[in-house]
Amino acid sequence: MQENSKYYPITHLGLYEFYLDTIDINNLIDICYKTKSKIPSTILSNVNGYQSPCVLKNKNLFSLVEVLNKTCQNTHNNPNFHINKLWINISPPSAHNQIHNHGKLNEVSGVLYLQCPPNSGNFIMYNNIDFNTRYNFTPSPKTLFLFSSISYHLVEPNLSQEDRISIAFNYG
């Protein structure tokens, strides 16, 4: 297990939490807002928020993708894991992400938080075996969660007065 990481055995593959202290979140936040200004939102799990289509080919995100790939490969001891979809979430006040999963049994999903002011909503993970059991995680900037793509999760409503910003992705 890497430094600055925690493991929670709560789902099919568990949930890994990392703190990525070397990433430049200010630059990534700028990229997120520029993307939002140029590309219309999709509507998947987001309610009242922005969710980009896949932006994996955005060259400004290549160095981030490299860090995320290396983190997942090392964590799961699988050099074949590579991000196959990546998107941006910008959740203004009152926005949230409904309960959902990313649907593939042998894949890994992740979310990297860039901006999450106090009261901007917890990341909630459900136990797929006992769906009445849920786990609350309060993210902070530079927090990365990795989890099984079949694990159901949601993000609570943003009750702050600032945007919550994250980058989510799937590995195949």
Side-chain angles (χ1 to χ4, degrees), residues 1-29 31-32 35 42 44-46 51-89 97-116 121-156 164-172:
M1 188 104 98
Q2 296 176 320
E3 287 184 43
N4 299 325
S5 65
K6 297 176 187 173
Y7 174 72
Y8 306 93
I10 60 175
T11 65
H12 171 65
L13 292 176
L15 178 122
Y16 294 87
E17 178 181 0
F18 299 89
Y19 181 74
L20 302 181
D21 56 351
T22 60
I23 62 168
D24 181 357
I25 59 172
N26 292 324
N27 180 52
L28 291 169
I29 289 169
I31 292 167
C32 291
T35 300
T42 61
L44 295 172
S45 68
N46 60 319
Q51 200 165 45
S52 75
C54 183
V55 291
L56 185 57
K57 293 185 179 184
N58 181 332
K59 66 180 181 191
N60 296 313
L61 295 171
F62 285 177
S63 61
L64 174 64
V65 169
E66 185 176 312
V67 168
L68 297 173
N69 279 337
K70 189 173 290 188
T71 301
C72 187
Q73 291 166 356
N74 291 341
T75 301
H76 290 80
N77 197 27
N78 186 340
N80 297 318
F81 270 133
H82 294 281
I83 292 176
N84 58 27
K85 186 173 182 190
L86 180 134
W87 61 97
I88 293 166
N89 298 297
N97 292 81
Q98 300 177 73
I99 189 166
H100 66 286
N101 71 13
H102 299 194
K104 300 274 183 142
L105 179 60
N106 294 318
E107 290 188 358
V108 173
S109 294
V111 60
L112 171 64
Y113 283 88
L114 304 177
Q115 180 173 294
C116 37
N122 286 339
F123 177 76
I124 309 294
M125 180 68 62
Y126 287 84
N127 181 313
N128 285 5
I129 296 169
D130 176 9
F131 211 69
N132 292 316
T133 303
R134 62 184 242 170
Y135 305 89
N136 299 329
F137 298 91
T138 303
S140 59
K142 299 186 179 187
T143 300
L144 167 66
F145 295 112
L146 295 177
F147 49 93
S148 169
S149 294
I150 63 166
S151 297
Y152 282 91
H153 57 284
L154 62 83
V155 186
E156 296 176 319
R164 176 182 65 231
I165 303 172
S166 65
I167 297 177
F169 41 90
N170 294 330
Y171 291 94

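Note: hydrogens, waters and symmetry copies are ignored here, and every other heavy atom, side chains too, is used.
Within the 4.5 Å cutoff, no side-chain heavy atoms of L144 are placed close to those of Y16. Side-chain atoms of I25 and Q115, non-hydrogen and from C-beta on, never get closer than 4.5 Å to each other. Side-chain contact between N60 and N27 is absent, with no heavy-atom pair separated by less than 4.5 Å. Between N97 and N46, some side-chain heavy-atom pair lies under the 4.5 Å cut-off. Within the 4.5 Å cutoff, no side-chain heavy atoms of V155 are placed close to those of V111. With a 4.5 Å cut-off on side-chain heavy atoms, F81 and V108 count as touching. Contact check for L28 versus L61: side-chain heavy atoms found under the 4.5 Å cut-off. At least one side-chain heavy atom of L112 sits less than 4.5 Å from a side-chain heavy atom of I23.
Atom-to-atom distance recorded for I165:CD1 and C116:SG is 9.5 Å, nearest 0.5 angstrom. Interatomic distance, CD1 of I29 versus CD1 of I88, reported as 11.5 Å (0.5 Å rounding). Atom CD1 in I31 sits 7.0 Å away from atom CD1 in I167 (nearest 0.5 Å). The structure places OG1 of T143 at 10.0 Å from CG of L114, a figure rounded to the nearest 0.5 Å. Rounding to the nearest 0.5 Å gives a distance of 11.5 Å between NZ of K70 and CG of L68. Between the CG atom of N69 and the CG atom of L64 there is a distance of 9.5 Å, given to the nearest 0.5 Å.
A centroid separation of less than 6.0 Å is found between the aromatic rings of F137 and F145.
For P139 against G121, the heavy-atom pair with the smallest separation is CD-O, 3.9 Å. The two residues K142 and D21 come nearest to each other via the heavy atoms NZ-O, 3.1 Å. Looking at every heavy atom in both residues, S140 comes nearest to Y113 through O-CB, 3.8 Å. The two residues S149 and N170 come nearest to each other via the heavy atoms OG-OD1, 4.4 Å. Pairing each heavy atom of F18 with each of L146, the nearest pair is CE1-CD1, 3.6 Å.
Checked by atom type and distance alone, the side chain of E156 pairs as donor or acceptor with a backbone atom of N122 at under 3.5 Å.
By the 30° and 60° cut-offs, the orientation of the rings of Y171 relative to F169 is perpendicular. In this pair, F147 and F123 present their aromatic rings tilted. The plane angle is within the 30 to 60° band. The aromatic rings of Y152 and F131 sit perpendicular, their planes meeting at an angle over 60°, well past the 30° parallel limit.
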(Q) Checking M125 against R134 for the side chain to side chain contact (heavy atoms under 4.5 Å, CB included) test, could you report, in this order, the C-alpha distance in whole Å, the side-chain angles of both residues, the deciding distance, and whether it holds? (A) CA-CA 6 Å; M125 180 68 62; R134 62 184 242 170; over 6 Å; no
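Within a 6.0 Å sphere centred on CG of D130, other residues, nucleotides and ligands contribute more than 12 heavy atoms.
Results of the side chain to side chain donor-acceptor pair (under 3.5 Å) test with H102 over S45, S148, S109 single out S109 as the only residue that passes.
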